[in-house]
Each structure stands twice: as C-alpha cells, then as structure tokens.
Novice: 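Here it is, the structure, as structure tokens.
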Amino acid sequence: MWLSRARSRSWSATVSHIPHEKLPLEEWERTLATNLTAVHLVVQHALPLLSEGSSVIGISSKSIEVGIPLRAHYTATKAALHGLNRSLAREHGGRGIRFNVLSLGMIATEALDDLPAERREEFVKRYTEKTSIGRLGTPDDVAGGVLWLASDASRYVTGAIIPVDGGIQ
C-alpha cells in the first residue's frame with residue numbers, strides 16, 4: 001500500500017484528523033502502511049546493502065510523548081517506529097549497523113505554507129510559544145540531526161530517540 005501511486009492513488013499526508021471512534025479501517029491501514037510498513041520494507045530491502053558503520057535514521061514525532069486528539073492512528077505508528085528502531089539496533093548492532101530515530105517537534109514545511117494566512121499565523125504563534133527556543137523548527141534543523149547521526153561523530157549512538165523539537169513543552 002505504500003506504493004499508492006502504483007494503485008492510481010495520489011500520495012497524501014500521513015496525518016489526518018479523525019476521532020478514533022469514527023476512524024475508518026481504510027484510514028488506519030493507510031497510516032500504518034505509510035508510517036510503519038514502508039519503513040519495514042525499505043529497511044528489509046536495504047539490509048543486504050548495509051555494512052559496518054552504516055546508519056539508519058527514522059523520522060518520528062514528539063506527539064507520541066503527549067498524545068494528540070484526533071490523531072491516535074498517527075501517534076500509534078510513530079510509537080511503533082520507536083520499538084522497531086530499538087529492536088533493529090539490538091538485532092544488527094553486532095554487524096556495526098546503527099538504528100536511530102529523530103523525534104520531531106513542529107517543523108515549518110510547505111504544508112504550513114499551504115494553510116490560509118490567518119490559520120497559519122495562529123498555528124505559528126501557538127507552537128512558537130510552546131518551544132524553549134521560541135520558533136518553529138526548519139528542514140535545516142532536521143538535516144543537522146540527520147547529518148550528525150550519519151557521521152562518525154555519533155558512531156557509539158544506536159537505538160536512540162533523539163528530539164529535534166526546540167524544547168517544546
């Protein structure tokens with residue numbers, strides 16, 4: 001299902017806002033396929049190509065620590081990614097392959113730009129006030145975490161969940 005274009009479906013956001021009691025099974029399965037099954041398949045097919053010193057980096061969400069109404073399905077997949085990461089780190093550590101996850105806070109992406117101006121301003125204000133740094137994250141902030149985990153500077157880090165969240169509370 002993660003190859004949804006092949007099934008004449010368009011790629012869409014993996015976050016939807018649906019009350020759990022009204023969550024259609026199809027939406028649960030789509031979210032699971034995109035956020036967890038796709039990771040499983042990519043890792044499984046990449047493993048034969050990885051050697052000692054390889055670093056596999058997953059992307060998760062701060063939402064698993066707080067829970068977010070209307071996104072139980074999304075939060076569940078991100079929590080599962082943490083468990084998968086820790087198990088894979090243990091399973092492949094002897095081969096020198098590291099598995100880590102970046103747990104992201106609010107990152108300003110093109111999805112934010114697509115919001116109507118008033119809603120975007122409200123969103124930015126609300127989440128900026130929640131961070132210790134006083135701003136939303138940027139794709140460059142995420143890239144910094146990825147570069148560090150991919151480098152030898154983190155060669156003794158595996159099975160970790162690393163927040164890239166601006167100290168959001």
Novice: Applying the side-chain contact (heavy atoms from CB on, under 4.5 Å) criterion to I161, which one of N85, L102, N100 satisfies it?
Specialist: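 That would be N85; it is the only one of N85, L102, N100 passing the side-chain contact (heavy atoms from CB on, under 4.5 Å) with I161.
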Novice: Please list all pairs meeting side chain to side chain donor-acceptor pair (under 3.5 Å) that have one or both residues in residues 101-128, counting only residues at least two apart or in different chains.
Specialist: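 Matches after skipping sequence neighbours: K125-E129.
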Novice: Please list, chain by chain and in numerical order, all residues satisfying side-chain hydrogen bond (donor to acceptor under 3.5 Å, both in side chains) with T158, sequence neighbours excluded.
Specialist: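 With sequence neighbours excluded, T158 shows a side-chain hydrogen bond (donor to acceptor under 3.5 Å, both in side chains) to no residue whatsoever.
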Novice: Side-chain donor-acceptor contacts of residues 89-96 below 3.5 Å, not counting sequence neighbours, with atom names and distances?
Specialist:
from, atom 1, to, atom 2, distance (Å)
R95, NH2, L47, O, 3.4
R95, NH2, L50, O, 3.0

Novice: Going by side-chain hydrogen bond (donor to acceptor under 3.5 Å, both in side chains), name the residues that satisfy it together with D141, two or more places apart in sequence or in a different chain.
Specialist: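 So D141 forms a side-chain hydrogen bond (donor to acceptor under 3.5 Å, both in side chains) with R135, T138.
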Novice: Can you name the closest pair of heavy atoms from E27 and S16 and give their distance?
Specialist: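 That closest heavy-atom pairing would be OE2-OG, 2.6 Å.
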Novice: Below 3.5 Å, can you tabulate the donor-acceptor pairs from side chains in residues 54-61 to any protein atom, sequence neighbours excluded?
Specialist:
from, atom 1, to, atom 2, distance (Å)
S54, OG, S51, N, 3.0
S54, OG, S51, O, 2.7
S55, OG, L149, O, 2.8
S60, OG, H82, NE2, 2.8
S61, OG, S63, N, 3.0
S61, OG, S63, OG, 3.0

Novice: How many angstroms lie between atom CG of L88 and atom CZ of R86, to the nearest 0.5 angstrom?
Specialist: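 One finds 12.5 Å between CG of L88 and CZ of R86.
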Novice: Between L115 and M106, is there shared hydrophobic-cluster membership here, with clusters defined by ILVMFWY side-chain heavy atoms closer than 4.5 Å?
Specialist: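 Yes; tracing contacts between hydrophobic side chains, which count when under 4.5 Å, links both residues.
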Novice: With ring-ring contact (aromatic ring centres under 6.0 Å, His included) as the rule and sequence neighbours excluded, what pairs involving residues 16-59 come up?
Specialist: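 Applying ring-ring contact (aromatic ring centres under 6.0 Å, His included) to every pair that reaches into residues 16-59, excluding sequence neighbours, yields nothing.
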Novice: Under the side-chain hydrogen bond (donor to acceptor under 3.5 Å, both in side chains) rule, collect the residues that match up with E65, sequence neighbours excluded.
Specialist: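 By the side-chain hydrogen bond (donor to acceptor under 3.5 Å, both in side chains) rule, E65 matches K62.
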Novice: Going hydrophobic residue to hydrophobic residue with side-chain gaps under 4.5 angstrom, can you get from Y74 over to V164?
Specialist: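 No, because Y74 and V164 fall into different hydrophobic clusters, even though each may have its own neighbours under 4.5 Å.
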Novice: What's the separation between atom OG1 in T131 and atom CG in L136, rounded to the nearest 0.5 Å?
Specialist: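 Reported value, rounded in 0.5 Å steps: 7.0 Å.
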Novice: Return the set of residues passing side-chain hydrogen bond (donor to acceptor under 3.5 Å, both in side chains) with Q169 (not counting sequence neighbours), or none when no residue passes.
Specialist: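 None.
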Novice: Which pairs, with at least one residue in residues 137-169 and sequence neighbours excluded, count as a ring-ring contact (aromatic ring centres under 6.0 Å, His included)?
Specialist: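 Qualifying pairs, neighbours excluded: none.
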Novice: Using every non-hydrogen atom in the two residues, find where A108 and L112 come nearest and quote the distance to one decimal.
Specialist: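 What the structure gives for the nearest pair is CB-CD2, 3.8 Å.
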Novice: Atom CD in Q44, atom CG in L41: separation rounded to 0.5 Å?
Specialist: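 Here the interatomic distance stands at 6.5 Å.
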Novice: Considering non-hydrogen atoms only, spot the tightest contact between V39 and L84 and give its length.
Specialist: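 Closest approach of V39 to L84: CG1-CD2, 4.0 Å.
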Novice: Establish whether L36 and L23 are linked, either directly or via other cluster members, by ILVMFWY side-chain heavy-atom contacts under 4.5 Å.
Specialist: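 The answer is yes; both residues are in one hydrophobic cluster.
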Novice: Taking side-chain contact (heavy atoms from CB on, under 4.5 Å) as the definition, give me every residue that meets it alongside P19, ordered by chain and number, with sequence neighbours left out.
Specialist: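 Counting only residues at least two positions away or on another chain, P19 forms a side-chain contact (heavy atoms from CB on, under 4.5 Å) with E21, K22, L70.
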Novice: Please report the shortest heavy-atom distance between K78 and I64, naming the atom on each side.
Specialist: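 Taking K78 first and I64 second, the nearest heavy atoms are CB-CG2, 3.5 Å.
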Novice: More than 12 heavy atoms of other residues, nucleotides or ligands under 6.0 Å from CD of E52: is that the case?
Specialist: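 Not buried by this count: 12 neighbours or fewer within 6.0 Å.
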Novice: Do you reckon I168 sits in the same ILVMFWY cluster as F123, going by side-chain contacts under 4.5 Å, direct or chained?
Specialist: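 Per the 4.5 Å side-chain linkage, I168 and F123 are co-clustered.
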